[in-house]
Amino acid sequence: MEIKHTIEILTKDIQDIENLVRNLNNYPTPPIIEIDMAMSKLRNVYELLTMISSDMKADMETNVANGKIGEELAPPTEEHHIPVEETRHEKDGEEQAAAKDLASKDASSKLDEEELARKEASLKLDEEELARKEASLHLAKEEIARKEASIKLAEEEQARKASIVAEKFSASKSINEKISPESNRNISSKLTGEPIDSVKRNIGINDRFLIIRELLNGDNEGYNQLVQQLDACKSFDQAHELIEANFPDKMDHEGVDILVKLSRRKFLSRNA
C-alpha cells in the first residue's frame, strides 16, 4: 500500500517535470523560476527512488537473515499478516514523502517570493527613472522660460533703442530745417532741374565717385577731361553726342543719366 502511494507521488512528480520542461519551449529565454521548479521536482524524484531502493534492500537483508526469503516470493494467503517491520517502513515512507512534498512546496514558495521581490525591485527602478525624467522635463521647461524672458527683454531693448534713434533723427532733421533753409532750397532747385553754369561744379561727390568707379574704371583723370569737355560744348546736342561716344553701351546707366541731366540744365542756363 505504501509503495503504491509512493509510486503515485513519483508518477505525479515526473508528469510535473515533463510539463515544466515542455513549457520551456514557450519562452525565447527560459525563466529561471521554471528551471528551478523542474530541478526541485527532479531532486524529489531522485530522493524518493533512493529511499525506496534503500528500504527494499533493507527488507531483503532482513528476510534473508530470518530465513523468509522464500516466503516473500510466495503469494500471500488470506491469513498473511503485514510484518511490523514492513508497517514501520511504510509509515516512515509516508512521513518522508510528506516531508519531501512539503519541502518541494516550500522551495516553490521561496522561488515565488524571490520572483516577486525581483519584480518589486524592477518596479522601484522604473519609478525612480520616471522621477528623474520628470525632474529633467521640469528643468527643461524652466530653461525655456528663461530663454523666452531673455528674448523678450532683448526685443524690448531693441525697440527702445530704435525709438531713441528715431527721436534723434527727427530732432536732427528739425534742426537742419531750421538752420539751413537756404541749403534746402538749393537742393530742391537742383532736383527740379533749374539752370546751372557748369557740369563740373554742380556734380555731387557721390555721383562723381559713381561715375569714376562704374563708368571709367577708377580713372580720375579721365573723369576730369570728360567734364571739362562737357563744359566746353556749345550745345546740349553736342554734349549728348560726346556722352554717347564715351558710353555707347551704357546709356541706361545711372551715371550716364546724371551727366545728361546736368548737361541739359547747363544749356538751359545759356539759353535764358
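Everything numeric in this text was worked out from a predicted model, so none of it was measured.
Across all non-hydrogen atoms, the minimal contact from G255 to L210 is N-CD2, 4.1 Å.
Taking NZ of K152 as the start and CD of E148 as the end, the distance is 10.0 Å to the nearest 0.5 Å. Rounding to the nearest 0.5 Å gives a distance of 10.5 Å between CG of L230 and CZ of F236.
Remark: E8 engages no residue in a salt bridge (charged side-chain N to carboxylate O under 4.0 Å, His left out) (not counting sequence neighbours). Residues passing the side-chain hydrogen bond (donor to acceptor under 3.5 Å, both in side chains) test with K12, sequence neighbours excluded: D16. Not counting sequence neighbours, the partners of D257 by the salt bridge (charged side-chain N to carboxylate O under 4.0 Å, His left out) test are K261. A search for side-chain hydrogen bond (donor to acceptor under 3.5 Å, both in side chains) contacts involving E115 returns R118, not counting sequence neighbours. Scored by the salt bridge (charged side-chain N to carboxylate O under 4.0 Å, His left out) test, E47 finds K100 as partners (sequence neighbours excluded). Listed by chain and residue number, H240, I243, E244, V256 satisfy the side chain to side chain contact (heavy atoms under 4.5 Å, CB included) test with M251 (two or more places apart in sequence, or in another chain). Partners of D101 by side chain to side chain contact (heavy atoms under 4.5 Å, CB included), not counting sequence neighbours, listed by chain and number: K105. E157 is linked by a salt bridge (charged side-chain N to carboxylate O under 4.0 Å, His left out) to R160, counting only residues two or more places apart in sequence or in another chain. With sequence neighbours left out, Q228 forms a side chain to side chain contact (heavy atoms under 4.5 Å, CB included) with K200. For E143, the side-chain hydrogen bond (donor to acceptor under 3.5 Å, both in side chains) partners are R146, not counting sequence neighbours. Listed by chain and residue number, I203, I258 satisfy the side chain to side chain contact (heavy atoms under 4.5 Å, CB included) test with D207 (two or more places apart in sequence, or in another chain).
A donor-acceptor contact closer than 3.5 angstrom links the side chains of H138 and E142.
The 12-atom threshold is exceeded at CD1 of I14, counting heavy atoms of other residues, nucleotides or ligands nearer than 6.0 Å. Counted within 6.0 Å of CG on N220, heavy atoms from surrounding residues, nucleotides or ligands total more than 12; the atom is thus considered enclosed.
Applying the 4.5 Å side-chain rule to ILVMFWY residues, one finds L20, M37, L111 in the same cluster as I33.
Considering N26, N25, N19 in turn, N26 is the only one that fulfils the side-chain hydrogen bond (donor to acceptor under 3.5 Å, both in side chains) rule with N23.
Within the 4.5 Å cutoff, no side-chain heavy atoms of D59 are placed close to those of M56.
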